[in-house]
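Notes to accompany the following structure.
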Amino acid sequence: MVYVAMVTGFILILMGLYGALTNSNILRMIVAFSVANTGVNIVLVAVGYIDGRTAPILDAAVPVAEAAVRIIDPVPQALVLTAIVIGLGVTTLMLAYAYKLYEIKGTLDIAQFSELKW
Amino acid sequence: MIDLMLLVTIFFAIAMIGAALVAIRVKQISIAMLAAGLVSLLASVMFLFFAAPDVAMTEAAIGSGLTTFLFFFVLGRVRGDQRD
Amino acid sequence: MQFEWIQIPYALLTLFIVLNFGLIMNAFVAKIGARVGRRHGIPIYQNYLDLIKNYGLRSSITHGMMFYLGPVFRLTGGVGLIMFVPTIYGSLMFSNFSFSGDLILALYFIFFGTLGMALGAGESGHPHAAIGISRGLSQVTMAELPLALAIFSIALQYQTLSVTEIVAAQQGGIQNWTLFTNPLAVAAAMLSFLGSVMRPPFDVVLAPQEIPIGPPTEYHSSYLALMQTNRVIYPIAKMVIFMNLFYGGADNWLVFFLKIFLIYMFAVFVGVVFPRFRVEQSIRWFLIWAVPIGVLAVVLV
Amino acid sequence: MVNAIFILVIGLGAAFLLGFLRDKRKLAYVVTLAALVSMAWIAARWLLFFAVDGGARTEIFTAGTLPPFAINLHLGIAEAALMLLVILCGLFSAIYMQNTLMRLGRRMMSVLLVFVMSLCGIILTRDVFNLFVFFELAVIATAGLILLCEDKRTFAAGFKYLIISQIVSILLLVGIIFAYHASGSLNIDDMAAMSSGTLKGVGSLAFFLMLMAIMTEAKPFPANGWALDIYESAHPAFSALFSAAMAGAAAVYAIDKLLLIGASQWLPVVTAIGLLSFVAANLLALVQTNDRRTLGYSSVGQVGLILVVIGQRDILGEHYLYIVGGILLSHAVAKAGLYWLSGLLSQRKLTDWSALRGHPLLIFAFVSFVAMLTGLPPFPSFYAKWDLVMLLAAENRLWILALILIATLLEAGYLFRWFGYIIKREKETDKQILSLASHKLAVVLSTAVISWGLAYLWGELSAHGNLLYALPLLFALSFLLLDQLPARIKNSLSIAGMVAYFMVSYPTYDPLQLIFGAIFLLGSSVILLASYHVSGRRVGFYPSALLMFAGLTLLIVAKDAFHFFAAWEFLTIGSYFLILRGKHSEPHALSYVIFSLGGAFLILAGFALAAQGISPFPLESLAQVAKPIAPWVFLLLAIGFMTKTAVIGLHIWLPGAHAEAETDVSPMVSGILLKAGLFGLMVLLMNMGKQSLYGVELTYVMLWMGALSAFLGNLMAVFQEDAKRLLAYSSIGQMGYALFGLALMNQLGWLMALMFVINHYIYKSMLFLSIGGIAKRTGTRDMYKMGGLIALMPLSFIAVLIGIIAVSGVPPLSGFGGRWIFYNAILESEYRLPMMLIFISGPIAFLYLFRLIHTIFLGQLKDEHRQIKEAPFWILLPQMIYVVALMIFAVVPGLAMRHVDAYLSPFFEGQGLNWEGFTITSHYGYWSPVSIMIVVAVIFATLFAWLLFVNRKAQKVKQFNIVYSAERPFRPETTHFAWNFFAPYRKALGFLMQPYVTRFWETMMDLLHSIADLSRRFYTGNGQTYGIQLLAFVVIVYLFKMEF
C-alpha cells in the first residue's frame, strides 16, 4: 500500500514535471506543477506511514504512554502541512506573475517571454 | 481488510493518474484545472487511509479548493488566450 | 702591452706606409683592369694627383653638421681600424694601438665608418643617396655574417681573441696557416670579403652614383679627399685582419704587400668574371652559399 | 549578548509591523533601516565575540526541545560573519533603493526584510526542512523583489525563476523525506553523525537530491540561465543582494553545511560542478556586452570558485575558513559594489561605462572591485588564492589548479577590457548617462572602503604578513590621496621619495640588487624628470607609476615566493594602468595585462609546485626542489618571466604597449619594467641552475629563445614605419640578447646580461624620450612623415646619435662592452648553433638604428615642420643625463660591473674577468675602453677640426639648392626617401616576417570568443528550456557520480 502510494506520487511528480516542461501555456504549466506538488505530498505522507498505526493525534484512543509505539511519526505530516501552505504561496505567486505577464504581452505563451537570453 | 485497503488505494492511484493525465494533456484549460483539483481531492482522500487526517483536510481545503479557485480566478481575468 | 708615447709616431708611420701602398695598389689594379679591357688606363700616380688636388680644394658650401661628420666618421673608422690591429707580426713598432682591444674590437669597429658614411650621405639631402645607403646596409648585414662566423670559428680553434696570438699560432710554415687548418672558415670569410670591397658582383650599392648621383657624389673637395683616403685605407685595414687571421700574418712589409695584394686580387678576379647582383639576390646568395659554410666552420672546428 | 534568534525575530517582526504603517512611508522606511541596523548590530556583536574574544560556537534551541523535534540554530564565527555580510548587503541595498522603496511603499520594504531574514535563517539553521522553508521564503521574497524594477522583461525572468524553484522544491522535499526516512532525523549534525552506511542506497540518493536542489540556488553552470536573466534585468540593488548575499553567501553556506552529511565522497562532485561553472561562466562572459549580464556571469563564476574551495576542503585543513572567506567576501563585496555602481548608469552597454570617466573616486572604486574579483593583491582573494593554489599543488591536484588559473585569466580578460572601455572609450556627451544621487554614491564608496578594510584585515590574518605595511606600497597609495595636487608637486614628491628610499636601503643590497635597485629607483627618478613637462594635475598617473615602482622595489628584496609574487602583481597592475593612459593604447594595454597575468599565473603555479606546501617558501629553496618536478617548476617560472621580457612567441603585447604609451611612460615600461623579467630569470637560474626535461636541456631551449628573439625582434624593428614601434621591437631584440646571456649559464654570459640591463635602460630610455619629444613636436610617430629635423632639434639628434651608436655596439660607446663580453662568453660555452642568430642580429640592429636617425633627422625637411622647436626642456634634460651616463659607463664599465663580477663568481666555476687597471682581460682577449675612447676621440677630433678649419668659410646651402637646382620640387614631401626604407631586405627576408605569432594568438582569441558565442546560445531564454536543463543537469551529475 505504501509502495502503491509512493509509486503514484512519483508518477504524479514526473507527469507534473513533464506537463510543466512541455506545455507552453503558462497557466497549464502552473496546473502541471500543482499536480507535481500533490505527488510530492503523497510521497511525503507515504514515506512517513507505518503500517497499522494510527494518526498522530493524542486522544482517548491513544494514551500518552503508548503514543510512541502506536502512532505514526508526526514529523513527515508536519512537513507536508508546511509544504502545502508554502506550495499555495508559490502557486499564487506564479499565478500573479502569469497575470502580469499576460498584461504585458497579451499572451500566455512562455516562448514569447525570451527576450532575455544568452 | 488490508487487501481491501490496497485495492482501494490502487483504485485511487489509477484515478489520480488518470486525472493527472487529463490535467496535463486535455485541450480545454478549464478542464485541466478541474482535473488538477480532482487529483488533489483524490489525494486528500488517500491521506485519510494513511492516517493523516489533518493533512487530508488541509489538502482538500488548500490543494483542491483554494488553488482551483485561484486558477479560475486568474483564468477569468486573462480570458482570450485559451489556446493550448 | 702598455702605452708609450713613441707608439704615436710609429702608428703614424704605419698609416703612411699603408696609405701609399694603397694608393699605388688601387691604381695598379685599375691599370690591370683597363689593360684586360684593352684600354690604356690611368697613370700609376693618378690617385696621388686626385688626392692632392682634392685636399687642396676649398669648398664654400655645406649641407650642415652631419655633412661634415660623415667623412670624419668614415675616415675615423678606417684609420681607427688600422690602429687597432697589429700590421707586422713580431714588430712592436708596427703593432699600433692593438693593446686597446682584440679581434672583437676590430670586428665591431668596421661599422663605425659605415655608420658615418650613411649619416653623411643622409644629410646630403639627396633621396638617391638614401637608396644607396639602404641597399648598402642591407647587403652588409648579410655579408658580414659569414665573416663573424669565421672569426668565431677561428677564435674557437685557437682559443683566443687576440690577433697577435692567432698570428703566432700560424707561424712555422705555410701548413700552419688557418687557410689549411680551417679551410671552411677561410672560405666563408673570403666570400664575405667579396661583399664588402664594393666590387662586382656586389657593388650595386654604389649604383645610384651611376644614375648619376649616389652617396659620395654630393661630396667634393676636402670632404671627398677624406673619403678617398678612407677608400684607400679601409680595405687594406680589413685585409690586414684577413691576412693576420687566415694567411699567417706578415713579419715584414714585403710579405705584407704581397699578401694584401693577392687577397685583393681575389676580389678583383671574381668581380671581372661575374655580373652584378641586385641586393636581394646578393643577400640570398650570401645566405645560401657563404652562411652555411660559416656554420659548418663553427660546427666542425 | 543578544540572542541571535532576534535577528530573525527583528526581521520578521519589523516586516509585520510595516503592515500597520499604511500611508506612512517615511516612517516605514525608517523602521526598515532601523531593523536592518539592529540586525547588523547583533551579528556584528557575535562576530566580535567569536573573532576577538575567541568565544565558542553556540547552539540556539527553539521551542524548548532538542532536535529533531524542534529546530536548532547554530552560531559560530562563519555564521556570524556571513549574516553580517547578508544584513549589511541588505542595509546598503535598502539605502541605495531609497527612492524606489519610498515609491513602492511598505510592502516592498517588508519583502526586503523577509528576504534578508530568510537568508539569515538559511545560514543559521541546522535543520534540513527548516532550510527548505527559508529557501522557499527567500524564493517568494525574490519573486516580490524582482518587481522592484521597472524593466518589463524582469517579470519573465521572475517567472523563469519560479519555474526553477518549483522543480527545486520538489527535489528538495523528496530528498528531505527520504533522508529523514533513512536517518530518522532532520538535523544536519545528527545526520552527519550517522555512520556512512545509512547513506547507502536511498539515503545516498536522498542526499544527492538535497545537494542538487541547494546547489541550484548557487546557480551552477549550466543550470543557471534563469539566474542570468534575473541578474540582467532586476534592480541592480537587488542583483547585488541576489549575487552577494543569496548565491554567494547563503546558498554556498547551505551547501557547506549539507556536505557535513555527505562526507568526503561528495566533495569531488562539488569541485567538478564549481570548476565547470567557474570556467564556463568566465568564458561565456567574454562575449557579453550588457554590463549586468556580464556581472551575472562573473557572479556565477565566482560562486563556482567558492564551490571549488568547498569541494577541496579535505585538503585545506585549518586554512579552510581563511581561504573560503577570502574568496567569498571578495566576491560579495566586489560584486555588490559593481552592481551598485551599475545602478548609477542609465545605459546598459559595457562601453557606456565611459561615463564614469572624470570621476576618479568611482574609477577607484571600480578598480578596487575588479582587482578584488581577479584576486590581485592586496585584497583578500589574493591571499586566499595563494594559499589555495599552494595547497592544491602540494596535494598534486594540478588539473584543478590549472583550470582555476585559466578561468581567472579569462575573468581578468573581460574585466580589464571593461576597465579599458571606461578609461578609453568616447563619452556620449549628448546623453546624461550618469546620475549621482548622494545616497547611492555613499553606498558605492563605502563598499570600496570596506574592500580596503577587508584587504587590511586579511593581511593581518595572513601567515605571510600584511602586504599593506610595505613602505613603497604605502608611498604609492598615499598618492591616491594627493591626487588633487598639481602634477609638478607630485613629481617632486615622487622623485624625492624614491631617491630617499634608495639612499636608505642601498647599504642592505647585494651587488645584484644594487644594480636593479639603482635602475628601479634612481633610474626611474631620472625618467620622472621628463614628467615635469606635463602641467595640470595628471590624475591617476602618480599612483600608477609609483605602484609599479613599488612592485619593482619590493621584487628585488623579496625573500620568499609569496612576497615575490605579490610584488610581481603590483608591478603588473601599476604598469597596466600606466600603459592604459596612452591615447590609443586600449587594446594594447589589454593584451599587456592578459599576457602579464597569464605569465604571473604560470609563476604562481611554478612556485606552488615547488613549495609542496612549505610556507613560507624562501626563494633559495628553489635549489632544493626534487628531481621529477624540478624541471616543470623551472619551465613554468621561466615562461612566466619570459612573458615579461617579451620573448618571441609571447611578445605580441609589447610593441603596442610600449609604442602607444605616453612620452615619459614608454621609457619607464621599456627601460625599467622589462628588467623585472630578467631579475626573475636571474633568481630562477641562480637557484635552479640547469634543468632538463625529457632529455632536453631547458637552458638550451632558452638559449634558442633568446637568439630567436634577438634575431626576429631586430628584424621586425627594421620594417617599422612608426618610430616608437621600432624602438619597441628593438627592445624585444635587446631582451633576447640578455636572455641569451643568462641562458649561457656561465659567468660571462651573466655579466653580459647585466651589462645589457644597464645599457638597455640607459639607451632605450634616452631614445624613447627623444622620440617622444619629437613625436610631441611633430604630431606624428611615422618616420617617413619627418625628415631634416637635425637643424631644428639638435639636442634630440645628439641623444639619438649617441643612443644608436651605443645600441649597435659599435666602439667606443658602452654597447661594445656588451658585445665583447658576449664573444668571450660564447667561447666558453659549448653551444654553437644559436650563436649564428645572434651574430646576424647585430648588423640587423644597425639597419633599424640607421633608419631611425636618417629618416627623422637627415634628408629634407618637410614643409609642415618648418616652425617646430626643440623638444621641451624637461624631456631633454634626462636625455642629456643619459648621454653623460653612457659616456661614463663606456669608459669605466668596471665601476658597476666589477662588483657584480665578483658577486657572481661563487655561482659559476668558470673564470670571471680581470678588472685590473684600465684594461679588462678575459681568458681569451682583452679590452681597454679608455684607450679605445682616446684613440677614436683623437682621430675623430683631429679630422673634424681640420675639416672645419679648411671649410671655415663654407655657407649652408638652402634646402633645394643643390640637388634640385634651386627649384622647388613639385611635391617637396617626396624628396626624402624614407618609406619602406629597406625594400630589398624585405624582398629577401620578408618571408620571416609573416605574423605567425600574432595570428596564432588572434586565432586563439577568436576561437575562445566563437566557443563562447556558440555555447551561450544554449541559454535560449525560454523558462521551460531552463527547467529541462536543470533536470538534465541533475541526471547527468548523478550518472557521473555513479560512474566514478
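Letters go in sequence order (proteins before strands), and every chain restarts at 1.
Counting heavy atoms from C-beta on, the side chains of D:Met755 and D:Pro893 come closer than 4.5 Å. Under the 4.5 Å side-chain criterion, counting only non-hydrogen atoms from C-beta, D:Met752 is not in contact with D:Trp820.
Contact record, D:Pro843 with C:Thr141: O-CG2, 3.3 Å, taken as the closest heavy-atom pair. Heavy atoms only, all atoms of each residue included: D:Phe740 and D:Pro834 are closest at CE1-CB, 4.0 Å. For D:Asn980 against D:Arg851, the heavy-atom pair with the smallest separation is N-NH2, 3.8 Å.
Ranked by heavy-atom pairs shorter than 4.5 Å toward chain D, the options C:Val163, C:Leu115, C:Val79 are led by C:Leu115. Most heavy-atom pairs under 4.5 Å with chain D, from the set C:Gly80, C:Ser282, C:Ala148, C:Ala11: that is C:Ala148. Counting heavy-atom pairs under 4.5 Å between each of C:Ala225, C:Pro71, C:Ala118, C:Ser162 and chain D puts C:Ala118 at the top. Residue with the most contacts toward chain C among D:Lys956, D:Arg986, D:Met933: D:Lys956 (heavy-atom pairs, distance under 4.5 Å). Ranked by heavy-atom pairs shorter than 4.5 Å toward chain C, the options D:Phe857, D:Phe982, D:Phe797 are led by D:Phe982. Note: D:Ser931 leads D:Gly925, D:Ala978, D:Ser931 in heavy-atom pairs under 4.5 Å with chain C. The residue among D:Arg819, D:Gln860, D:Lys953 with the most heavy atom pairs within less than 4.5 Å of chain C is D:Arg819. Ranked by non-hydrogen atom pairs under 4.5 Å with chain D, the options C:Gly116, C:Gly77, C:Ser221, C:Ser134 are led by C:Ser134. Contact count versus chain C (heavy atoms, under 4.5 Å) is highest, among D:Ser922, D:Ala954, D:Ser928, for D:Ala954. Interface summary for chain D: among C:Val279, C:Val291, C:Ile151, C:Leu145, the most heavy-atom pairs under 4.5 angstrom belong to C:Leu145. Of the listed residues (D:Ile804, D:Leu833, D:Leu858), the one with the most heavy-atom contacts under 4.5 Å to chain C is D:Leu858. Heavy-atom pairs under 4.5 Å with chain D peak, among C:Gly101, C:Ser59, C:Ser100, at C:Ser100.
For a residue to count as touching a neighbouring chain, one of its non-hydrogen atoms must lie under 4.5 Å from one of that chain's; by this rule D:Ser808 touches chain C with the backbone only. If you measure heavy-atom distances from C:Met66 to chain D, the contacts under 4.5 Å come from both the backbone and the side chain. When heavy atoms are compared at a cutoff of 4.5 Å, C:Tyr158 does not approach chain D at all. For a residue to count as touching a neighbouring chain, one of its non-hydrogen atoms must lie under 4.5 Å from one of that chain's; by this rule D:Leu989 touches chain C with the side chain only. Both the backbone and the side chain of D:Ile840 come within less than 4.5 Å of a heavy atom of chain C. For chain D, no part of C:Leu103 is nearby; none of its heavy atoms comes within less than 4.5 Å. For C:Leu107, the part sitting under 4.5 Å from any heavy atom of chain D is the side chain, from C-beta outward, and nothing else. Heavy atoms closer than 4.5 Å to chain D are found in the side chain of C:Phe97, but not in its backbone. Proximity to chain D (any heavy atom under 4.5 Å) is restricted, for C:Leu226, to the side chain, taken from C-beta onward. Contact of D:Leu947 with chain C is made through backbone and side chain together, with heavy-atom distances under 4.5 Å.
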For ring pair (Phe, Tyr, Trp, His ring centres under 6.0 Å), just list the numbers for D:Tyr985 and D:Phe981, CA-CA rounded to whole Å, side-chain angles, deciding distance to a tenth of an Å, and then say yes or no.
CA-CA 9 Å; D:Tyr985 216 64; D:Phe981 197 69; over 10 Å; no
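Taking the ring centroids of C:Phe112 and D:Phe816, they lie at or beyond the 6.0 Å cut-off. Note: D:Tyr784 and D:His976 fail the aromatic proximity criterion, with ring centroids not under 6.0 Å apart. Taking the ring centroids of C:Phe286 and C:Phe202, they lie under the 6.0 Å cut-off.
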If you look only at distance, which donor and acceptor atoms sit under 3.5 Å apart when one is on a side chain in residues 934-942 of chain D and the other is two or more places apart or in another chain?
| from | atom 1 | to | atom 2 | distance (Å) |
| --- | --- | --- | --- | --- |
| D:Thr942 | OG1 | D:Val938 | O | 2.4 |

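When the side-chain contact (heavy atoms from CB on, under 4.5 Å) test is applied to D:Pro969, the partners found at least two apart in sequence or on another chain are D:Phe960, D:Tyr964, D:Thr975.
For D:Arg832, the CZ atom sits in a packed shell: over 12 heavy atoms of surrounding residues, nucleotides or ligands are nearer than 6.0 Å. Summarising the local packing, CH2 of D:Trp946 is surrounded by more than 12 heavy atoms from other residues, nucleotides or ligands at distances under 6.0 Å.
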